[in-house]
2 protein chains.
Amino acid sequence: MYEKKIPELLDCGLAISVKVIGGKWKAWIIDCIKRDVKRPSAIHREMNIVNPRIINLHLKELEEYGIICKKVYAEVPARVEYCFTPVGESILPVIQVLEDWGNQHREYIQHNQAEYREDAVPVLR
Amino acid sequence: MYEKKIPELLDCGLAISVKVIGGKWKAWIIDCIKRDVKRPSAIHREMNIVNPRIINLHLKELEEYGIICKKVYAEVPARVEYCFTPVGESILPVIQVLEDWGNQHREYIQHNQAEYREDAVPVLR
DNA sequence: GGAGACAGGGAAAAATTTATCCCTATAAAA
DNA sequence: TTTTATAGGGATAAATTTTTCCCTGTCTCC
């Protein structure tokens, strides 16, 4: 387990939010659970381009934050399911807002970035 | 300038949004500009715990995405100001949503994380 | 002339996150 | 008995982001 050398600044609400949903694959994972793909193996199957190890790390992180809840059933082989906590439910509409904004401006942003040239910045008088 | 070795996946809107606001200090920078702290030197003064170099990198990134617009005035010494583009304006309420959610659940999340213990996960029958 | 404010960036190191590889272990099915 | 599915993690490497250090200039003020 990696130990941070520089303490995080979590004084602002946005830092908290970004910490929760900012990981590379967290959004996808959350989306899986939202669609009832809630067992580790099922999530791994759907997110087959992502290393399962990473998915597990993200799941554990979300669990630590209290966004998702891990249920271990006493079956053999063990069955595990993740579901949202109430706070986890409450972040879903927030994610939807981000999703919508991103979809609405994807082209603009990608176009800008592709076309960007330092020398194009105009000098005003 | 660092060149990515693995192409980004920007197929989902959330990935776009996180890309735009996900940098370590972007939120603070955006907040500065929102409060009319828009000159590099002024931003550097306010964000004095952050290395100016980093702030400049983030500013350039936001400019590339078309979130902020750089104005260079033909004065000596050169005066530079950043302001929002229309798309930049449109992300402000999104950030507010994140800010609000984070503030609302900061304690819960930090408490959970502090208390988290693997062995506390119950086994269901 | 020297100090400080202004805007900016290269090179390299450090920190952090993500990825790969290869293990453990149990039980059902082939 | 070997394979497959389940869940999971250690060690290490690679990729990425963030940080530090130290430069370049111009102009104003003392």
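Below, chain A is the first sequence line, B the second, and so on; all start at residue 1.
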Atom-to-atom span, CD of Glu8(B) to P of dT16(D) - whole angstrom: 9 Å
Looking at Lys70(B), does any N or O in its side chain come under 4.0 Å of the phosphate oxygens OP1/OP2 on dG8(C)? yes
Rounded to the Å, how far apart are Leu9(A) CG and dA15(C) C1'? 15 Å
Solution key, residues 38-45 of chain A side-chain donor-acceptor pairs under 3.5 Å, sequence neighbours excluded:
unit_1, atom_1, unit_2, atom_2, d
Lys38(A), NZ, Asp36(A), OD1, 3.3
His44(A), ND1, Pro40(A), O, 3.4
His44(A), NE2, Asn56(A), OD1, 3.1

Value for SG (Cys32(A)) from CD1 (Ile68(A)), rounded to nearest 0.5 Å, stands at 11.0 Å
So, does Lys5(B) get its side chain near the phosphate of dA13(D), meaning an N or O under 4.0 Å from OP1 or OP2? no
salt_bridge(Lys5(B), Glu3(B)) N-O dist < 4.0 Å: no
Between the main-chain N or O of Glu99(A) and the side-chain N or O of Asn103(A), is there a donor-acceptor pair closer than 3.5 Å? yes
Can you see whether Tyr65(B) engages Gln110(A) through a side-chain donor-acceptor pair at a distance of less than 3.5 angstrom? no
Residues of residues 29-46 of chain A with any non-hydrogen atom less than 4.0 angstrom from an atom of DNA chain D: list those, numerically ordered, please. Arg39(A), Pro40(A), Ser41(A), Arg45(A)
Less than 4.0 angstrom between a side-chain N/O of Lys4(A) and OP1 or OP2 of dT17(C), yes or no? yes
Please state how far atom CE in Met47(A) lies from atom C1' in dA19(C), giving the value in whole angstrom units. 13 Å
With respect to the phosphate group of dG8(C), does any side-chain polar atom (N or O) of Lys60(B) fall under 4.0 Å of OP1 or OP2? no
Mutual orientation of the aromatic rings belonging to Tyr108(B) and His105(B) [parallel < 30°, tilted 30-60°, perpendicular > 60°]: perpendicular
Please report the distance, rounded to the nearest Å, between OH in Tyr2(A) and C1' in dA15(D). 14 Å
What integer distance in Å separates Tyr73(B):OH from dC6(C):C1'? 16 Å
Does Arg79(A) or Pro7(B) map to a spot on DNA chain D nearer the 5' end, using the closest nucleotide for each? Arg79(A)
Nucleotide-resolved protein contact map, nucleotides 18-30 of chain D, B/S/- at heavy-atom distance under 4.0 Å: SBB------S---
Is Lys71(B) reaching over with its side chain to a backbone N or O of Tyr82(B), donor-acceptor style, under 3.5 angstrom? no
With rounding to the nearest 0.5 angstrom, report the CG to CD1 distance, Leu62(A) to Ile21(A). 10.5 Å
CG of Asn56(B) versus P of dA11(C): gap in Å, rounded? 17 Å
Ile16(B) backbone acceptor or donor facing Arg106(A) side chain under 3.5 Å: no
